[in-house]
Amino acid sequence: MPEMPEVETVRRTVAARVAGRRIEAVEVRRPKFVEPLTPEEFAQRVTGRRIAEVDRRGKYLILRLTEDGAPGGARAGSGGAKANGAGAKAKPAGEIIIHLKMAGRLLVCRTGEVLEPKLEKHTHVVFRLEGDEELRHIDLRHFGRVSYVAGARDRAGYAAHPKLKGLAALGPEPLSPDFTYEHLKAGLARRKTKIKPLLLDQSFVAGLGNIYADESLYRARIHPERRANELKPREVRALFEAIQGIIAEAIAHRGTTIATYVDGEGRRGEFAAMLLAYGRTGEKCSRCGTPIERIVLGGRSTHFCPKCQKLPGAKRRVAPRKKVARTTVRRDQKVVQ
DNA sequence: AAGGGCCCCTGAAAGC
DNA sequence: TGCTTTCAGGGGCCCT
């Protein structure tokens, strides 16, 4: 299930293969994927354009197109797509925006290459490129979307598209300079919701999905049902570092393959072996040996260590009244002053 | 604002 | 063995 590290891995592998190349033809096999455009409208807008670069925001992939004026320039080496555009100053001509949802793939294939039947059956959009290769959107679950926006590429432009409200509302990238400890602290303080569902909220932080939310909380030793605004500064700090650490490590390992995920060249990710909580129900916690538990939060399976990730309040059922009262008073006085 | 439920959709796994 | 049911999951959307 592609989350940010998987989508970033797809971005890198796809960019290295398609950046700078012209789209010769488009085949839309399932019209619903390009809605609200019709297959004809979608093909007409995209055909003949050049893929200047492949970008990413959260879990969205963005193919930036230019008019096919200048030759594609450098064939985007290992450095990725962003370095492109130094030579040719072609005009921006719109963007193809792809969300893989949970089972989507973006594969670079030779033109006409026949894949296994299951993949052929669920190939929904094919971009035929110059140079005898094609970029295929394959989705076993049919949840994904391929959208087109003209020029704009700003939040307002995305917000106007019926399928891109989420992109328009994305929060900061976890590895970007916008995502700071202070930002996280302030954001958490404003919310009373449980921390796990909040981490899945793409407008809060972009790119975390079920796997990395669980892993981040596990690493930070925070129970998934803790209220966001009740986390202590130490815990917020730990969470901040856990999120950045996990995401960076997962990208370095080219993502996590549980079932179907592969990158733009069909390779699996290697991070699954390093997961310590997600999918490890009943297995021993790597820190304390307690069996990992699974609960459901906001409709998502959630994995955690009940000993390392405690829920305060659940166990101090018989607190000595005197002490509690005194502590409260003291705290109140401090706050008032 | 929070949270529950539903929906999209298919394949795998579990149940019978 | 084979058929049927359940579940998983990203994220939008509606309702309370």
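Per chain, numbering begins at 1; letters A, B, ... match sequence-line order.
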Is the distance from OP1 or OP2 of [N] to the nearest side-chain N or O of [X] less than 4.0 Å?
X       : N       : value
H142(A) : dC8(B)  : no
H122(A) : dT10(B) : no
K59(A)  : dG10(C) : no

Could you please spell out the steps behind the side-chain contact (heavy atoms from CB on, under 4.5 Å) verdict for L276(A) and E215(A)?
-> CA-CA 7 Å; L276(A) 300 178; E215(A) 292 299 311; 3.8 Å; yes
Does a side-chain heavy-atom distance below 4.5 Å link R12(A) with I251(A)?
->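 Side-chain contact under 4.5 Å: yes.
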Under 3.5 Å, which N/O atoms of the protein pair with N/O atoms of nucleotides 3-5 of chain B?
unit_1	atom_1	unit_2	atom_2	d
dG3(B)	OP1	R227(A)	NH1	2.4
dG3(B)	OP1	R227(A)	NH2	3.4
dG3(B)	OP2	T193(A)	OG1	2.3

Between the side chains of Y212(A) and E6(A), does any donor sit under 3.5 Å from an acceptor?
->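 Looking only at side-chain atoms, E6(A) and Y212(A) do form a donor-acceptor pair, the distance falling under 3.5 Å.
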Any donor-acceptor N/O pair, K165(A) side chain to A159(A) backbone, under 3.5 Å =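 Checking the backbone N and O of A159(A) against the side chain of K165(A), a donor-acceptor pair under 3.5 Å is found.
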Among dC9(B), dA2(B), dG11(C), find the nucleotide with the atom closest to the side chain of F143(A).
->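 Shortest atom-to-atom distance from the side chain points to dC9(B).
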Less than 3.5 Å apart, which donor and acceptor atoms pair up between the side chains of residues 187-194 of chain A and the rest of the protein, not counting sequence neighbours?
unit_1	atom_1	unit_2	atom_2	d
R191(A)	NH2	D201(A)	OD2	3.3
K194(A)	NZ	E225(A)	OE2	3.3

Distances under 3.5 Å between nitrogen or oxygen atoms of protein and nucleotides 5-8 of chain C:
unit_1	atom_1	unit_2	atom_2	d
dA8(C)	OP1	R294(A)	NH2	2.6

Could you list all N or O pairs between the protein and nucleotides 12-16 of chain C that sit under 3.5 Å apart?
unit_1	atom_1	unit_2	atom_2	d
dG12(C)	OP1	Y60(A)	OH	3.4

Answer yes when R22(A) and E130(A) have at least one side-chain N-carboxylate O distance shorter than 4.0 Å, and no when they do not.
->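 No, this pair does not count.
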Between H124(A) and F33(A), what is the ring plane arrangement, given parallel below 30°, perpendicular above 60°, and tilted in between?
->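 Judged by the thresholds at 30° and 60°, the geometry between H124(A) and F33(A) is parallel.
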State, to the nearest 10°, the angle formed by the axis through the first five base pairs of the helix from dA2(B)-dT16(C) to dC16(B)-dG2(C) and the axis through its last five.
->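 Taking five pairs per end, the axes differ by 60°.
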Which ILVMFWY residues can you reach from L297(A) by hopping between side chains whose heavy atoms are under 4.5 Å apart?
->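 L297(A) clusters with I295(A), F304(A).
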